[in-house]
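The structure under discussion appears below in the form of structure tokens.
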Amino acid sequence: MKGKKETVKQLLNSTEYDRTVNIKGWVRTKRGNNTIAFAAINDGSVIHNLQVVIDVQKFDEDLLKNITTGSCINVTGKLVQSLGKGQTVELQAENIELYGTADPETYPLQKKGHSLEFLREIAHLRPRTNTFGAVLRIRHTLAFAIHKYFNDNGFYYLHTPIITGSDCEGAGEMFRVTTLDLKNLPVDDKGTIDYSGDFFGKETNLTVSGQLEGELGAMALSKIYTFGPTFRAENSNTPRHLAEFWMIEPEVAFYDINDNMDLAEDFLKYLISYVLDNCKDDLEFLQNMYDKELIDRLKFINSNNFERITYTRAIEILEQSGQQFEFPVHWGSDLQTEHERYLVEKYFKKPVIVTDYPMAIKAFYMKQNDDGRTVRGMDVLFPKIGEIIGGSQREENFNKLMQRINELKLPQKDLWWYLDTRKYGSAPHSGFGLGFERLVLFVTGMGNIRDVIPFPRTPKNAEF
RNA sequence: UCCUCAGUAGCUCAGUUGGUUAGAGCGGCGGACUGUUAAUCCGUAGGUCGUAGGUUCAAGUCCUACCUGAGGAGCCA
């Protein structure tokens with residue numbers, strides 16, 4: 001009478017009662033008296049727990065004493081319709097094996113709720129909470145849906161390098177990668193470090209974007225995407241920034257900026273739909289605990305078109321808004337957080353895609369418009385989290401691209417391979433970057449990006 | 001990096017114009033209870049008041065520096 005090992009998810013959905021089953025999982029709570037005890041067991045397969053009913057007389061006292069919050073047990077017994085209220089099925093324990101104890105004196109997770117700040121300090125244990133179980137399942141589901149969307153639409157997953165030899169991506173401060181002895185650096189007379197003896201024989205860093213390499217893939221496979229870790233050594237201390245995060249970057253040959261916007265909008269809506277369809281229980285939990293409007297907001301996003309306006313139009317709207325902004329708006333300056341929030345949350349009340357920014361405030365690779373002063377960049381702005389996507393049509397004209405590189409004094413010699421795509425069979429193409437954690441943040445309704453990645457890396461924090 | 005706020009028991013917090021032995025709830029531990037749902041009830045232990053200086057007869061409380069955390073801003077995804 002062993003019973004097949006099943007998950008909590010399988011057992012809670014089962015209607016085959018009065019059969020012997022086996023469950024393995026972690027104890028969330030135990031309560032009871034001298035006669036009967038109840039242990040709620042969870043194995044992460046679903047947010048709900050399975051109630052294990054224990055006839056105290058049938059088991060060793062020491063064993064029961066060690067079944068505490070956080071301990072891990074292996075239970076065989078009969079699956080029955082619950083005799084009590086609050087759950088439909090429960091497990092009548094016949095045999096219990098204790099896998100691992102959890103000393104109640106020191107185990108930090110209690111039955112009651114904890115602050116998210118405290119849970120960040122015990123990130124090694126927080127996956128065992130309802131909140132992080134829900135977030136991590138949704139995170140997985142989104143990652144899966146991303147691959148599914150692209151695969152179903154003819155995109156190829158391109159693995160761009162994590163270690164990069166170019167620092168001209170222009171997306172922020174980089175983390176140095178070196179095997180040089182930091183206590184004895186090879187320095188010349190002028191104090192310049194000689195990297196010729198370093199592992200790669202040159203200065204290398206962790207990538208801040210896979211875009212440039214992504215473009216190389218798109219110039220052969222037509223439709224590619226990347227999905228990998230990305231690193232920024234910015235001293236950013238906000239609920240929306242991480243030093244190590246995951247980014248999705250589709251890049252498509254023959255797409256102009258309008259195709260690019262269509263892709264971005266369809267992609268985001270697909271991902272949100274996928275989670276609405278597949279993570280109902282987890283979304284409902286997060287809605288009840290953290291964000292009362294979560295599910296309505298997600299449905300709202302999917303049932304409305306994103307507003308598409310040019311940067312110039314956005315400036316007009318802001319100038320005519322009558323709002324007092326801390327940073328005054330004028331054509332040529334970048335949109336501040338307060339401006340973006342006004343457009344998204346007050347004026348349009350839905351996601352907004354802003355396009356055609358001034359050339360001076362955008363990256364060198366964006367396609368120049370005929371007006372000579374704007375480029376075909378696009379930012380997708382979401383309520384609550386701001387910029388979720390940044391992208392553009394790329395400049396495919398070799399001479400125009402070279403002109404920008406020279407104007408910005410970028411190191412041309414490091415970009416020879418990138419420039420070759422404009423020399424040999426150049427084509428119009430477009431792409432964008434989606435911050436994965438920002439997407440998870442929006443979909444889960446959580447307030448801090450450090451709570452949607454298992455082990456966050458931020459300034460002064462690389463624990464675990 | 002800048003601005004603001006915070007740091008007191010395992011957790012969440014209270015602590016008066018500076019004044020005797022620093023409190024509560026939850027959690028833990030012991031006990032009661034024949035089906036509980038964040039169980040309930042009774043009892044009990046638990047403190048380097050972030051760190052280092054300083055002011056004072058006296059500092060959890062006031063001052064300075066630093067550390068850590070949170071929120072806002074910048075940078076961005």
Side-chain angles (χ1 to χ4, degrees), chain A residues 28-40 48-57 65 68-70 80 82-87 90 92 102-122 130 169-173 207-211 226 229-249 264 289 325-327 334-341 361-363 379-382 385-391 432-442 447-453 458-461 463:
Chain A
R28 288 294 178 82
T29 70
K30 192 186 75 170
R31 54 187 170 267
N33 53 43
N34 290 329
T35 311
I36 188 164
F38 304 91
H48 308 295
N49 303 324
L50 179 70
Q51 173 157 279
V52 175
V53 185
I54 302 164
D55 182 345
V56 173
Q57 259 82 52
K65 209 176 167 180
T68 58
T69 300
V80 298
S82 179
L83 304 178
K85 288 170 187 155
Q87 58 282 315
E90 62 191 18
Q92 300 274 4
D103 183 358
E105 297 269 2
T106 56
Y107 186 64
L109 289 171
Q110 302 172 177
K111 296 175 188 178
K112 288 196 74 159
H114 291 287
S115 69
L116 294 169
E117 289 85 352
F118 173 67
L119 292 174
R120 268 171 230 151
E121 294 170 13
I122 51 166
N130 287 333
E169 284 151 340
E173 292 296 308
T207 182
V208 293
S209 167
Q211 180 199 317
T226 73
T230 309
F231 307 88
R232 305 266 168 97
E234 300 287 351
N235 192 8
S236 294
N237 293 284
T238 85
R240 298 180 304 282
H241 289 87
L242 292 165
E244 175 184 289
F245 63 101
W246 290 68
M247 189 153 66
I248 299 102
E249 296 177 288
M289 295 298 289
F325 293 114
E326 190 186 342
F327 297 90
D334 211 351
L335 296 178
Q336 304 292 312
T337 298
E338 57 176 343
H339 306 141
E340 295 178 349
R341 292 190 78 117
I361 61 172
K362 288 293 182 183
D379 285 356
V380 180
L381 309 178
F382 259 35
I385 57 170
E387 185 182 338
I388 191 170
I389 278 178
F432 60 78
L434 167 68
F436 184 53
E437 283 75 19
R438 291 208 179 153
L439 175 69
V440 182
L441 197 58
F442 183 77
N448 192 313
I449 203 164
R450 296 158 198 156
D451 297 328
V452 298
I453 187 168
T458 52
K460 300 278 183 281
N461 181 22
E463 196 65 52

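In the text below, chain A, chain B and the rest are named by the order of the sequence lines, each starting its count at 1. Predicted model only: the values in this text are computed from it and were never measured.
Taking CD1 of A:Ile389 as the reference point, atom CE of A:Met247 lies at 11.5 Å (rounded to 0.5 Å).
Nearest nucleotide to the side chain of A:Thr29, out of B:U37, B:A77, B:A39: B:A39. When each of B:G72, B:U12, B:C76 is scored by its nearest atom to the side-chain atoms of A:Pro239, the top-ranked nucleotide is B:G72. With distances taken from any side-chain atom of A:Lys460 to the nucleotides B:A39, B:U12, B:U68, the minimum falls on B:U68. Closest to the side chain of A:Met247, out of B:A73, B:A77, B:G35, is B:A77.
Looking only at distances, no side-chain donor or acceptor of A:Gln211 sits under 3.5 Å from a matching main-chain atom of A:Phe432.
A distance of about 34 Å separates the C1' atoms of B:G25 and B:C63, rounded to the whole Å. Rounded to the nearest Å, the gap between the P atom of B:U20 and that of B:A59 is 12 Å. Between B:A73 and B:A22, the two C1' atoms lie 38 Å apart (nearest whole Å). B:G50 and B:U16 have their P atoms separated by 14 Å, given to the nearest Å. Comparing B:A24 with B:G43, their P atoms sit 13 Å apart, to the nearest whole Å. A distance of about 15 Å separates the C1' atoms of B:G7 and B:G15, rounded to the whole Å.
Here A:Arg450 lies in heavy-atom contact (under 4.0 Å) with sugar-phosphate atoms only. At the heavy-atom level, A:Asn448 lies under 4.0 Å from the strands shown only through sugar-phosphate atoms. A:His114 comes within contact range of the sugar-phosphate backbone alone, with a heavy-atom separation under 4.0 Å but no base atom that close. Using a 4.0 Å heavy-atom cutoff across all strands shown, A:Leu439 reaches no nucleic acid atom at all. A:Glu437 comes within 4.0 angstrom of nothing in the nucleic acid, heavy atoms only. Using a 4.0 Å heavy-atom distance criterion, A:Thr106 is classed as making no nucleic acid contact. Counting non-hydrogen atoms under 4.0 angstrom, A:Gln92 reaches a base of the nucleic acid.
In this structure, A:Gly84 and A:Glu387 both approach RNA chain B, and ranking their closest nucleotides by distance from the 5' end singles out A:Gly84. For the pair A:Thr458 and A:Leu242, nearest-nucleotide mapping onto RNA chain B gives the more 5' position to A:Thr458.
Residue A:Thr337 places at least one side-chain N or O closer than 4.0 Å to OP1 or OP2 of B:G74. Of the side-chain N and O atoms in A:Gln51, none sit less than 4.0 angstrom from OP1 or OP2 of B:U36. An OP1 or OP2 oxygen of B:A77 is reached within less than 4.0 angstrom by no side-chain nitrogen or oxygen of A:Arg438.
Rounded to a whole Å, the CG atom of A:Asn237 is 13 Å from the P atom of B:C67. One interatomic measurement links the two molecules: CG of A:Asn130 to C1' of B:U37, which rounds to 13 Å at whole-angstrom precision. One can place NZ of A:Lys85 at 18 Å from P of B:A39, the figure rounded to the nearest angstrom.
Below the 3.5 angstrom threshold, one finds no donor paired with an acceptor across the side chain of A:Arg240 and the base of B:A77. Checked by distance alone, A:Glu90 brings a side-chain donor or acceptor within 3.5 Å of a matching partner on the base of B:G35. For B:U37, its base sits under 3.5 Å from the side chain of A:Gln87 at one donor and acceptor pair at least. One cannot find a donor-acceptor pair under 3.5 Å joining the base of B:C76 and the side-chain atoms of A:Ser236.
The aromatic ring of A:Phe38 does not stack onto the base of B:G35, failing the criterion of a centre distance under 5.5 Å from the six-membered base ring together with planes under 30° apart.
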Response to the item:
B/S/- along nucleotides 24-34 of chain B (protein heavy atoms under 4.0 Å) is --SSSSS--BS
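Pairing of B:A58, defined by two Watson-Crick or G-U wobble distances under 3.5 Å, is not identified with any nucleotide. Pairing partner, B:A24: B:U12, with both Watson-Crick or wobble hydrogen-bond distances short of 3.5 Å.
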Practice prompt. Mind running side chain to side chain contact (heavy atoms under 4.5 Å, CB included) on A:Ile449 and A:Arg438 for me, showing each step along the way?
Written response: CA-CA 7 Å; A:Ile449 203 164; A:Arg438 291 208 179 153; 4.1 Å; yes
